[in-house]
Amino acid sequence: MQKAIAEAGKAQSKDEVPIGCVIVRDGKVIARGHNLRESAQDPSAHAELIAIRKAARKLGSWRLLETTLYVTLEPCLMCMGAIILARIPTVVFGCFDPKGGAAGSLYDLSTDSRLNHSVQIVSPILENECSTLLSSFFSGLRQRKKALAKP
């Protein structure tokens, strides 16, 4: 999770929402990603999707069997869909996302029996550190917006 937090820091340094992700296989990081939605102007440039694409290229397969995905924030519907389609067996996340989480908060796709793959969820891991990254980022963003709004 520390490596995912480091990726979140990279996102924050680019004024992106600080969410980071790493994918591990056989104890080694095979892919990393962090949010790039603002800089890429791409709604799908989530940390998880970036890492999943990199892992698939590295392994030469869209099936990411025997991997674990670590991410600082509970995955959204789009990311959980990609995780399921990639056959990732385990997801470890830092903090819950009550407004958009799809691994237990708002939705839970991880064990939906209507889908052809289930995902083991391990959470919360380093929850305070992960949630502090996000709350600090949004607090700073609100302060900057407020400062710009003053005449």
First locate atom CD of Glu129, then atom OG1 of Thr132, and finally report the distance between them rounded to the nearest 0.5 Å.
8.0 Å
Treating Ile, Leu, Val, Met, Phe, Trp and Tyr as nodes and any side-chain heavy-atom pair under 4.5 angstrom as an edge, say whether Ile88 and Leu59 lie in one connected cluster.
yes
For the residue pair Ser123 and Glu74, establish whether any side-chain heavy-atom pair is separated by less than 4.5 Å.
no
Heavy-atom closest contact (Ala47 atom, Asn35 atom, distance):
N-OD1, 3.0 Å
Mind listing the closest non-hydrogen atom pair of Thr67 and Leu64 along with its distance?
OG1-O, 2.6 Å
Would you kindly confirm whether Val24 and Val92 end up in one hydrophobic cluster when ILVMFWY residues are joined by side chain heavy atoms under 4.5 Å apart?
yes
Should Pro43 and Arg37 count as side-chain neighbours, where that means a heavy-atom distance under 4.5 Å?
no
Strictly by ring-ring contact (aromatic ring centres under 6.0 Å, His included), give each pair with a member in residues 70-115 just once, sequence neighbours left out.
Phe93-Phe96
Check Leu69, Thr68, Val119, Ile121 against Thr90 for a side chain to side chain contact (heavy atoms under 4.5 Å, CB included) and give me the one that passes.
Thr68
Hey, what else clusters with Leu36 if you join Ile, Leu, Val, Met, Phe, Trp, Tyr whenever side-chain heavy atoms sit under 4.5 Å?
Ile50
Output yes when a side-chain donor or acceptor of Ser139 lies under 3.5 Å from a complementary backbone atom of Ser135, and no otherwise.
no
Between Met1 and Cys130 the two heavy atoms that sit nearest each other are SD-SG, 4.3 Å
How far does SG of Cys95 sit from CG of Leu73, to the nearest 0.5 angstrom?
5.0 Å
Donor-acceptor contact below 3.5 Å, side chain Lys3 vs main chain Val22
no
same_hphob_cluster(Ile83, Leu77) at 4.5 Å side-chain heavy-atom cutoff:
yes
Atom pair NZ/CD1 of Lys58 and Ile23 - distance to nearest 0.5 Å:
11.5 Å
Under a 3.5 Å cutoff, is there a donor and acceptor pairing between the side chains of Ser110 and Gln120?
no
So CZ of Phe138 and NZ of Lys145: to nearest 0.5 Å the spacing works out to 9.0 Å
Do Cys21 and Arg32 have side-chain heavy atoms sitting under 4.5 Å apart?
no
Could you report the tightest heavy-atom contact between Pro75 and Val91, atom names first, then the distance?
CG-CG1, 4.1 Å
Where the side chain of Gln41 meets the backbone of Glu38, is there a donor-acceptor pair that is under 3.5 Å apart?
yes
Just so I know, are the side chains of Arg87 and Trp62 near enough to count as touching, which here means a heavy-atom distance under 4.5 Å?
yes
Can you check whether Asp15 reaches Arg144 side chain to side chain, under 4.5 Å on heavy atoms?
yes
Quick one: do Leu85 and Leu109 end up in the same hydrophobic cluster if we chain Ile, Leu, Val, Met, Phe, Trp and Tyr together by side-chain heavy atoms under 4.5 Å apart?
no
CZ/Arg63 to NE2/His117 distance, rounded to the nearest 0.5 angstrom?
12.0 Å
Interatomic distance, Leu133 atom CG to Ser136 atom OG [nearest 0.5 angstrom]:
7.0 Å
Salt bridge or not for Arg114 and Asp112, using N-O below 4.0 Å?
yes
Give a yes or no on whether the backbone of Asp26 and the side-chain of Glu66 come within a donor-acceptor separation of less than 3.5 Å.
no
Starting from the C-alpha separation in whole Å, work towards a yes-or-no answer on side chain to side chain contact (heavy atoms under 4.5 Å, CB included) for Lys14 and His34.
CA-CA 10 Å; Lys14 297 173 183 175; His34 54 273; 2.9 Å; yes
Less than 4.5 Å apart, side chain to side chain, heavy atoms only: is that true for Met78 and Leu49?
yes
Ignoring hydrogens, what is the shortest heavy-atom contact between Lys99 and Leu106? Give both atom names and the distance.
O-CD2, 3.3 Å
Quick check on the hydrophobic clustering: are Val29 and Ile52 connected, directly or via other members, by side-chain heavy-atom contacts under 4.5 Å?
no
Search all heavy atoms of Leu134 against all heavy atoms of Pro18 and return the closest pair with its distance.
CD2-O, 3.8 Å
